[in-house]
Amino acid sequence: MEELSAVDSEAVIATRGLTKRFRGGQLAVDGLELRVPAGSVFGFLGPNGSGKTTTIRMLLGLIEPTSGTATLLGRPMPGAARSVLPQVGALIEGPALYGFLSGRDNLIRYDSADPAADPRTRRARVEAALDRVGLTAAGSKKAKAYSLGMKQRLGLASALLQPRKLLVLDEPTNGLDPQGMREIRSLVRELAADGTTVFLSSHLLDEIEQVCTHAAVMARGRLVVQGPVAELAADARGRLAVTTPDPADAARVLKELGVTDLTVTEARVTGELPQGDVDLADLNAALVRADVRVRSFGVERASLEDAFVALTGEGFDVAG
Ligand SMILES: Nc1ncnc2c1ncn2[C@@H]1O[C@H](COP(=O)(O)OP(=O)(O)OP(=O)(O)O)[C@@H](O)[C@H]1O
Ligand SMILES: [Mg+2]
């Protein structure tokens, strides 16, 4: 296994050309180059079927890549799984639970399977984990009687029994109600503040924007873009929007100044700003010089969703 380059020394997850082709020919993950910086809350975003879970399974050594490599905490996977995985908490689609055991007993069982876990402090660890995910009251209930959201919380609790350097969470808010989603988001923020790097997948753009410092966008098995969330959103250039009683004149002036893709309605003109450095003040001054009366003038903030649409040229729908 080749050494990581200096650039990657701070990467908690790094992949090179990571590819998975399933038997039957489905190319689920295609040449993935992922880099997750230490200390980030990293959102792994993509519509259903875009390859998120398949990637996570490869990262955790649960399935073999067809080609390419992955490192976790600087060590190659799946080769270094035995030394790396104890430092990684994971929640993957459909956490494996014993339905006939209570939530609490599931955690006790899970903790007992960890040779590094001190049996004398087991109870305290389990109670703390139940508490962190809001399951204390339901801890004695049999897991088969749990709702989807409760199962998801229990899966999360099992990932939190030990302090971890890295948490890998596949759709952690799947099945949770809005209040539950908020709780998981604030838990993720707490964990990040404690220094844990959190890698979480989601198909909800909004969720990623709210909790993540960095994100990668997947579409049809390919990485479309990755980087700090603020930069991704900024990359989708905002649209200029002018409210005016003189929309036709405004559109003419803006067009002369290089604004493209103009849409003109009764009292509003929007368009794409020209490439390169544009001073909005100059555009505004030009409108005024041309006797265009301006009621409001500004650039509408681009969201990550705009960025996604701009990058992939499509909406956030399931690929066929
Ligand atoms: N075991 C498998 N055998 C064959 N194809 C598979 C297998 N697992 C996944 N796939 C296919 O690989 C593609 C990626 O699936 P994956 O589960 O990684 O997507 P995902 O991004 O996690 O989607 P979701 O948001 O629905 O969880 C899909 O087209 C899926 O049908
Ligand atoms: Mg998935």
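Atoms within a ligand are numbered from 1 in the order they appear, just like the ligands themselves.
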Under 3.5 Å between any N/O of Thr55 and any N/O of ligand 1: does that happen in this structure? no
Ligand 1 N/O within reach of Phe22 N/O, cut-off under 3.5 Å: no
Salt bridge check, Asp30 against Lys20: does any charged N sit closer than 4.0 Å to a carboxylate O? no
With heavy-atom distances below 4.0 Å as the criterion, list the atoms of ligand 1 near Pro47. 21 (O)
Once rounded to the nearest 0.5 Å, what's the spacing between atom CG of Leu62 and atom CD1 of Ile56? 10.5 Å
Look at Thr53 and state whether any of its N, O or S atoms is less than 2.8 Å from the Mg ion (ligand 2). yes
Which residue and atom name correspond to the protein heavy atom nearest atom 28 (C) of ligand 1, and how close is it? Gly49 O, 3.8 Å
Do any nitrogen or oxygen atoms of His203 come within less than 3.5 Å of a nitrogen or oxygen of ligand 1? no
Can you find an N or O of Thr54 that's nearer than 3.5 Å to an N or O of ligand 1? yes
Contact check, side chains of Leu60 and Val88, non-hydrogen atoms, under 4.5 Å: yes
Please indicate whether Arg222 has more than 12 foreign heavy atoms, meaning atoms of other residues, nucleotides or ligands, lying under 6.0 Å from its CZ. no
Working to the nearest 0.5 angstrom, can you tell me the gap between Ile108 CD1 and Arg125 CZ? 10.5 Å
Do any non-hydrogen protein atoms sit less than 4.0 Å from atom 30 (C) of ligand 1? no
Quick one: which ligand 1 atoms are inside 4.0 Å of a heavy atom on Glu171? 25 (O)
Under 4.0 angstrom from ligand 1, any heavy atom of Gly51? yes
Heavy-atom nearest neighbour in the protein, as seen from atom 17 (O) of ligand 1, with distance rounded to 0.1 Å: Thr53 CB, 3.7 Å
Any non-hydrogen protein atom less than 4.0 Å away from atom 22 (O) of ligand 1: yes
For atom 27 (O) of ligand 1, what is the nearest protein heavy atom, given as residue, atom name and distance? Glu93 OE2, 2.8 Å
Name the closest protein heavy atom to atom 24 (P) of ligand 1, giving the residue it belongs to and the distance to 0.1 Å. Asn48 ND2, 3.5 Å
Measure the acute angle between the ring planes of His214 and Phe42, then classify it against the limits of 30° and 60° as parallel, tilted or perpendicular. parallel
Salt bridge check: are Arg16 and Glu33 linked by an N-O gap of less than 4.0 Å? no
Give me the nearest non-hydrogen protein atom to atom 25 (O) of ligand 1 as residue plus atom name, then the distance to 0.1 Å. Lys52 NZ, 2.7 Å
How far is atom 12 (O) of ligand 1 from its nearest protein heavy atom, and which residue and atom name does that atom have? Ala28 CB, 3.2 Å
Does Arg189 have more than 12 heavy atoms from other residues, nucleotides or ligands lying within 6.0 Å of its CZ? yes
Give the atom numbers and elements of ligand 1 that come within less than 4.0 Å of a heavy atom of Gln26. 11 (C), 12 (O), 29 (O)
Rounded at 0.5 Å granularity, tell me how far OG1 in Thr121 sits from CD in Glu127. 13.0 Å
Would you compute the distance between atom CZ of Arg75 and atom OG of Ser83 and round it to the nearest 0.5 angstrom? 4.0 Å
So, is Gly46 polar-close to ligand 1, with some N/O to N/O distance under 3.5 Å? no
Measure the spacing between CG of Leu167 and CG of Leu156 and express it to the nearest 0.5 Å. 7.5 Å
